[in-house]
Each structure stands twice: as structure tokens, then as C-alpha cells.
Amino acid sequence: DSGVTQTPKHLITATGQRVTLRCSPRSGDLSVYWYQQSLDQGLQFLIQYYNGEERAKGNILERFSAQQFPDLHSELNLSSLELGDSALYFCASSVVPGRGQETQYFGPGTRLLVL
Amino acid sequence: QKEVEQDPGPLSVPEGAIVSLNCTYSNSAFQYFMWYRQYSRKGPELLMYTYSSGNKEDGRFTAQVDKSSKYISLFIRDSQPSDSATYLCAMSQVGAGSYQLTFGKGTKLSVIP
């Protein structure tokens with residue numbers, strides 16, 4: 001158990017809908033990363049938040065957004081869902097970036113199926 | 001050309017064999033190199049972490065980084081059926097305080113008893 005929690009574990013929804021994925025980082029970790037894992041693209045970085053502020057953006061679609069709250073949990077919002085958005089979504093938390101070695105600990109993921 | 005290339009396998013070996021997994025990359029700015037293990041339907045679990053070039057050993061696992069060749073390897077000695085999983089290489093560079101990871105697609109390993 002990495003200490004990172006994600007809810008829900010599974011999500012089934014229809015095209016055009018909007019969903020929210022939730023992540024609670026390990027106690028004390030200020031940084032949260034979101035990744036998408038699909039069969040054809042592998043694991044891809046979406047976005048990072050550090051202590052409530054957006055720190056870096058990757059291949060995140062405009063239909064997707066995220067935020068990190070004062071209690072450091074993070075939510076990833078996916079809207080206008082398409083079939084191709086079906087994937088595993090992981091969040092990872094890490095110790096404070098910039099202090100030498102930084103390792104990311106992954107949650108169990110949310111499996112999203114868009115029908 | 002993808003930034004990180006990794007042979008997807010599958011790779012099947014008998015129990016007790018030495019396993020060699022590797023990745024190549026194109027971005028010379030990568031400084032941190034990791035190997036993650038992912039069991040089916042689970043999140044990736046960090047196995048090894050190496051900074052810059054060199055070797056690192058942890059029990060049955062050895063990670064090697066050759067920055068001049070842009071090539072990293074993971075060796076598993078005395079492989080066990082419990083090692084059956086997908087192994088992902090990952091790398092990062094420091095940029096504006098972000099250590100976002102770039103992953104290979106993963107190699108699926110089966111260790112046969």
C-alpha cells in the first residue's frame with residue numbers, strides 16, 4: 001500500500017458526460033501528479049499540482065481540468081467524455097520537489113469506461 | 001521517434017533465470033531514471049531509482065544507466081514467479097520544479113515455475 005488513495009475504483013459512464021476523480025496524497029506530500037494509462041499510449045503525464053498551485057502540464061486535453069484543495073487532496077475533472085477517454089487514471093504524490101531525490105508513489109488508479 | 005522506447009515483450013523465463021530489461025531514450029536532459037513494477041490492475045510500484053550514470057543494486061535487482069548511450073537496464077537475478085508483472089522504465093528531468101515522469105510502454109514478464 002503506497003499510502004495514496006483514489007476514488008472511485010471503477011467508473012462507467014456515457015459519452016458526453018462529466019466525471020470527477022479524486023486523489024488523496026500520502027500524509028505530508030505536497031505534490032500531486034495525474035497520469036493516464038491506455039493500451040496504445042502507455043502511461044502519460046497529464047498535470048502536476050504543488051501545494052494548491054498548478055506546477056506543470058503535460059498532454060492534458062482542454063476538456064480535462066484539475067485542482068488541488070487546501071487539504072492537499074486533488075480532483076481531476078473530465079468533461080464531454082469520448083470513447084477514447086476510457087483508460088486507467090493514476091495519481092501519484094511525492095516529497096517536496098527540488099530537494100534532491102524525488103520519488104513518486106502511485107495510487108491504485110481509477111478505471112474509467114466510457115460507453 | 002518516441003522519447004522512451006521499451007520492448008513490450010512478452011518475455012517468458014523459467015524460475016531462477018536472470019532477466020534483463022532495457023530502455024533507450026532520446027532526450028539527453030533526462031537525469032533521473034526509475035524502474036516501476038506494475039501488477040495487473042494495480043498502480044505502479046517503485047523498484048529502483050538512479051541518478052545519472054552508474055549502477056545500483058538492491059537485493060536481486062540491479063539497475064544500470066549509461067547516459068552516453070542513452071540506455072538503461074534492469075537485471076533481476078534468481079527470478080521468482082512473484083516477479084511476473086509489467087516493468088516500466090521511467091525518467092525525468094528537473095524543470096521549474098517538476099519531476100514529471102516519461103514512461104516506456106512497459107515489458108510484460110512471466111516467470112514460469
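Lettering of chains follows the sequences in order, A, B, ..., and the numbering in each one begins at 1. Quick caveat, the model's predicted, so the values are computed rather than measured.
- Note on residues 64-78 of chain A: pairs passing side chain to side chain donor-acceptor pair (under 3.5 Å), not counting sequence neighbours, are A/Thr20-A/Asn77, A/Arg22-A/His73, A/Trp34-A/Ser74, A/Asp71-A/His73, A/His73-A/Glu75.
- Annotation: residues 103-113 of chain B contacts chain A through B/Phe103, B/Lys105 [non-hydrogen atoms, separation under 4.5 Å].
- Atoms CD and OG, from B/Gln100 and A/Ser94 in turn, are 12.0 Å apart once rounded to the nearest 0.5 Å.
- Listed for the B/Tyr99 side chain is no donor-acceptor partner under 3.5 Å among the backbone atoms of A/Gln104.
- Taking 4.5 Å as the limit, some side-chain heavy atom of A/Arg111 sits within range of a side-chain heavy atom of B/Arg41.
- Hydrophobic clustering (side-chain heavy atoms under 4.5 Å, transitive across Ile, Leu, Val, Met, Phe, Trp, Tyr) keeps A/Val4 apart from B/Tyr36.
- Neither the backbone nor the side chain of B/Glu45 comes within less than 4.5 Å of any heavy atom in chain A.
- Linking Ile, Leu, Val, Met, Phe, Trp and Tyr residues whenever their side-chain heavy atoms come within less than 4.5 Å places B/Leu74 and B/Val19 in a single cluster.
- B/Trp35 and B/Val4 fall within a single hydrophobic cluster, where Ile, Leu, Val, Met, Phe, Trp and Tyr are joined by side-chain heavy atoms under 4.5 Å apart, directly or via other members.
- A 4.5 Å side-chain heavy-atom check between A/Tyr33 and B/Leu101 finds every atom pair outside the cut-off.
- Interatomic distance, B/Met48 CE to A/Thr103 OG1, rounded to the nearest 0.5 Å: 13.5 Å.
- To the nearest 0.5 Å, atoms OG1 (B/Thr86) and CD (A/Gln37) are separated by 8.5 Å.
- Residue A/Phe106 holds its CZ atom at 16.0 Å from NZ of B/Lys42, rounded to the nearest 0.5 Å.
- Side-chain heavy atoms closer than 4.5 Å link hydrophobic residues (I, L, V, M, F, W, Y) into clusters, and following such links, possibly through other members, connects B/Val13 to B/Ile76.
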